[in-house]
Amino acid sequence: MSSYLNELNESQQQAVLQIDGPVMIVAGPGSGKTRVLTYRIANMIEKGIDPFSIMSLTFTNKAAAEMRHRIEKICGNEARNIFMGTFHSVFARLLRIDAPKLGYPSNFTIYDSQDSLSLIKTIVKELQLNDKTYKANQVFSRISNAKNALISPKAYKLDAEIMSEDMQMQKPLMGQLYEIYAKRCFQSGAMDFDDLLYKTYELLVKFPEVLYHYQHRFKYLMIDEFQDTNFAQYSIVKKIADVYQNICAVGDDAQSIYAFRGATIENILNFQKDYPDLRVFKLEQNYRSTKNIVKAANHLIVNNKNQLQKTIWTDNGDGEAIKLLKSSSDNEEAKLTADLIFEYKMRHHLKNNDFAILYRTNAQSRSYEEALRRLNIPYVIYGGMSFYQRKEIKDIIAYLRITVNHNDEEAWRRIINYPVRGIGKTTVERVTVIANERETSIFEVCENIYTTDITGKAAQNLMAFTMMIKSYKTMLDKQNAFELATHIAKSSGILKELYEDKTVEGVVRYENIQELLNGIKEFSEEDTVEEGHEEEFSVDRSLGAYLQNITLLTTQDQKADNNDSVKMMTIHSAKGLEFPAVFIGGLEENLFPSSMALYSREELEEERRLFYVAVTRAMTYLTLSFATSRYKFGNLQYCEPSRFLGEIPKEILAMHGEDKMKKEEAMFDEDFVAPVKRRIVNTGNFSASRPATVDPNFQADDPSKILVGSEVAHQRFGNGKVVAIDGLGVNKMATIFFQGEGQKKLMLKFAKLKVLE
DNA sequence: GTGGGATCGGTTTTT
DNA sequence: CCGATCCCAC
């Protein structure tokens with residue numbers, strides 16, 4: 001018996017030792033799940049199971065790498081042969097081998113959501129449909145849902161229920177759009193995120209020999225975060241596990257937070273039905289958090305009707321009370337949070353690394369950034385706009401993509417006239433029409449431009465572009481990806497353009513491109529030799545592999561910096577992580593729980609699970625905060641505290657900064673009265689077409705003296721006095737602060753302003 | 001076809 | 001507030 005078993009409690013041990021047959025491990029937050037998974041695999045290998053036959057699906061690629069590393073320490077480098085990664089990256093690897101069977105090139109492009117949305121917009125436009133009835137986002141999510149439910153375009157159009165739904169929504173052509181979208185992706189040699197699942201399933205169904213191969217190769221399957229798998233994902237693993245039935249699902253229904261992308265708790269119920277002799281292990285002891293934190297979490301989650309029976313408990317001490325931070329605005333919230341971090345660092349000897357700030361929406365990071373910067377506290381933001389989504393990066397990537405896969409339509413569109421090469425909208429439209437008629441890719445049409453009625457300058461330019469891409473391809477075969485990328489950056493003129501741009505943003509963009517090039521270099525130079533008998537999936541250092549890799553990075557895979565810094569991220573991104581001190585911000589009704597999630601009990605319960613996840617990230621110190629008003633889309637709005645706060649028992653809550661709150665009134669003014677530099681001169685109805693005119697030379701000593709001159713404005717806003725005008729500039733949107741009478745202070749964005757010359 | 005200004009619209013979470 | 005898109009003058 002291996003020594004590491006001593007480190008485990010009884011139920012953990014049982015879960016580790018149960019190797020064969022269907023297993024479900026219900027693992028509460030902080031219950032040592034990763035440890036169990038790691039030891040379980042290590043134990044399997046020690047018992048003589050070939051690592052080569054184990055497939056382990058994790059939630060992030062980083063988690064996979066870490067787990068592999070830990071197993072390696074126990075079992076040696078055999079562990080390299082375990083097939084590990086996220087659903088998407090694992091299936092992308094399978095598809096790279098067998099995509100040709102489905103008519104895709106093996107170096108298929110992976111469309112990210114931006115690509116998908118842009119393609120949908122193009123299609124809607126081509127069909128001359130109203131883009132308000134067929135909003136790209138909605139169409140996309142409808143298609144995405146269909147794919148996640150493994151419904152083909154054909155089946156979609158034949159499904160009476162779906163069709164009647166679409167009719168009811170006044171969107172009868174949804175099926176058409178799905179069909180065309182799928183076709184266009186196919187012609188482009190591209191798969192979107194959902195295709196990676198959908199097409200894998202298709203592959204296994206259509207090619208029994210492929211299914212047979214994987215069924216016998218992967219005799220052992222493990223799925224982490226099972227509560228967040230969707231129907232397609234579950235269907236695939238079920239198929240692969242069908243022969244040996246050695247399938248182990250690990251998850252926690254209380255932490256299911258991805259229903260919006262098709263994850264369903266049904267999977268857990270189905271799992272029990274599909275495998276009647278299932279062994280279930282419950283890990284209920286929490287090793288992570290203080291009693292108070294566990295108590296708070298339990299009090300929250302009991303409000304959900306929809307859940308499996310289990311009780312999370314801990315042997316840890318009570319710990320401190322949970323702090324409740326009330327502020328008057330999001331900026332103040334951030335400021336108090338930063339102050340508190342500073343204080344904690346002093347008093348409890350914590351490092352920046354020990355802190356996490358969690359929030360519901362990415363937009364909330366802004367105020368925290370400012371506040372932390374002011375106190376010189378280093379921070380890292382995970383998620384949000386990622387490096388690879390920046391314009392300059394996407395541009396270069398588009399060149400690389402089209403070099404690898406000429407048919408990539410979205411890449412083509414992106415760069416066909418960037419930098420400007422005299423190919424305008426009309427030409428693009430004409431080529432697209434021809435490609436659609438011929439049911440082929442745009443690139444192919446351009447290659448044979450002489451067979452079309454496009455002539456003259458336009459044809460020449462298209463041809464030149466096509467030849468250029470082809471020359472890149474030849475180059476790629478002779479040189480490596482880094483050299484090609486560098487060549488592209490230079491020869492396309494993008495690098496030069498940015499180099500000459502000496503504005504701050506220009507310099508940043510230039511640096512970003514350098515960083516991208518370095519990244520490519522690193523990737524292509526990593527050792528390509530891997531030990532073991534894994535020829536089939538030998539490590540691929542090609543440009544195609546690189547491109548697929550970067551689109552499948554999860555937010556947690558984001559390059560970790562070695563610096564000691566506070567981590568900021570959405571709660572979704574915080575899954576699986578833990579921190580000594582956690583701050584959860586923006587606990588306001590309509591923000592958290594989100595106003596978008598109040599239509600059904602199910603949605604509200606998912607929000608509550610999200611809060612549950614957030615709370616259980618904390619080990620020792622937990623601070624919850626809300627603001628009584630918040631900037632939303634430029635407006636300052638009054639906010640009610642989140643209903644979730646009321647679900648936490650009062651006796652473990654401590655108000656923070658009582659005395660500070662007494663000054664709230666004063667702080668509010670201080671915070672919001674911006675220096676008034678300009679005076680509104682004209683009167684009348686200020687609107688976009690009739691901007692208010694301001695005197696640029698005006699210097700006010702008493703801001704409250706400035707009145708809105710117009711009667712219309714008075715009617716609209718009451719007899720309020722303007723206390724501040726912020727953000728003035730020629731033709732710039734301005735924000736005007738009113739001080740109402742007997743009302744809450746209110747800020748309104750209301751007019752354009754023009755500076756008097 | 002290009003570039004800039006004006007206008008509009010979207011704002012949850014992610015692979 | 002920010003980005004996409006529309007519209008217009010060159």
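Everything quoted here is computed from the prediction, not taken from an experiment. To find a chain, count down the sequence lines: A is the first, B the second, and so on, and within it residues start at 1.
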Q. Looking for any heavy atom pair under 4.0 Å, which part of the strands does A:N417 touch: base, sugar-phosphate only, or nothing?
A. sugar-phosphate

Q: Return the nearest nucleotide to the side chain of A:H572; candidates are B:dT14, B:dG9, C:dC6.
A: B:dT14

(Q) When you measure from the centre of the six-membered ring of A:Y382, is the NZ or CZ of A:K567 closer than 6.0 Å and no more than 45° off the axis? (A) no

Q.
When you measure from the side-chain N and O atoms of A:T570 to the phosphate of B:dT14, is any distance below 4.0 Å, counting only OP1 and OP2?
A. yes

Q.
Classify A:T426 by what it touches in the nucleic acid, base, sugar-phosphate, or nothing, heavy-atom distance under 4.0 Å.
A. sugar-phosphate

Q: Using a heavy-atom cut-off of under 4.0 Å over every strand shown, decide if A:T551 touches base, sugar-phosphate, or nothing.
A: nothing

**Q.** Closest to the A:S113 side chain, choosing from B:dT14, B:dT15, C:dT5
**A.** B:dT15

**Q.** Rounded interatomic separation in angstrom, taking CG from A:N362 and P from C:dG3
**A.** 14 Å

Q. Within this structure, what is the NZ-to-P distance between A:K425 and C:dT5, rounded to whole angstrom?
A. 10 Å

Q) Just how far, in rounded Å, is C1' of C:dA4 from NZ of A:K135? A) 15 Å

(Q) Let me spell it out: for each of A:R421 and A:E607, pick the nucleotide of DNA chain B with the closest heavy atom. Which residue's pick is nearer the 5' end? (A) A:R421

**Q.** Lys NZ or Arg CZ of A:R184 over A:Y181 ring: under 6.0 Å, within 45°
**A.** no

Q | Nearest-neighbour nucleotide for the A:R360 side chain, B:dT13, B:dT15, B:dG1 considered | A | B:dT13

Q. Can you check whether A:T361 has a side-chain N or O nearer than 4.0 Å to OP1 or OP2 of B:dT11?
A. no

Q.
From CG of A:D192 over to C1' of B:dT14, roughly how many Å is that when rounded to an integer?
A. 13 Å

Q.
Measure NZ/A:K575 against P/B:dT14 and give the value in whole Å, please.
A. 12 Å

Q: Kindly indicate whether a cation-pi arrangement holds for A:K391 with A:Y418, taking the cut-offs as under 6.0 Å to the six-membered ring centre and within 45° of the axis.
A: yes

Q | Atom of A:K171, atom of A:T133 and distance for their closest heavy-atom approach | A | CE-O, 2.8 Å

Q) Is any side-chain N or O of A:R366 closer than 4.0 Å to OP1 or OP2 of C:dC2? A) yes

Q: Could you check whether the rings of A:Y359 and A:Y368 sit parallel, tilted or perpendicular, using 30° and 60° as the cut-offs?
A: parallel

Q. With centres under 5.5 Å and planes under 30° as the test, does A:F193 stack with B:dT14?
A. no

Q | Distance, rounded to the nearest Å, where A:K391 contributes NZ and C:dG3 contributes P | A | 12 Å

Q.
Quick test of your reading of the model: are A:R401 and A:D115 salt-bridged, counting only N-O distances below 4.0 Å?
A. yes

Q | A:M569 CE to B:dT15 P, straight-line distance once rounded to whole Å | A | 12 Å

Q) Does the side chain of A:N137 get closer than 4.0 angstrom to OP1 or OP2 of B:dT11 through an N or O atom? A) yes

Q: Take atom OH of A:Y258 and atom C1' of B:dT13, then tell me their distance rounded to the nearest Å.
A: 7 Å

Q.
Using OP1 and OP2 only, check whether a side-chain N or O of A:S573 sits under 4.0 Å from B:dT14.
A. yes

Q | A:V420 or A:L552, whichever maps to the more 5' nucleotide of DNA chain B | A | A:V420

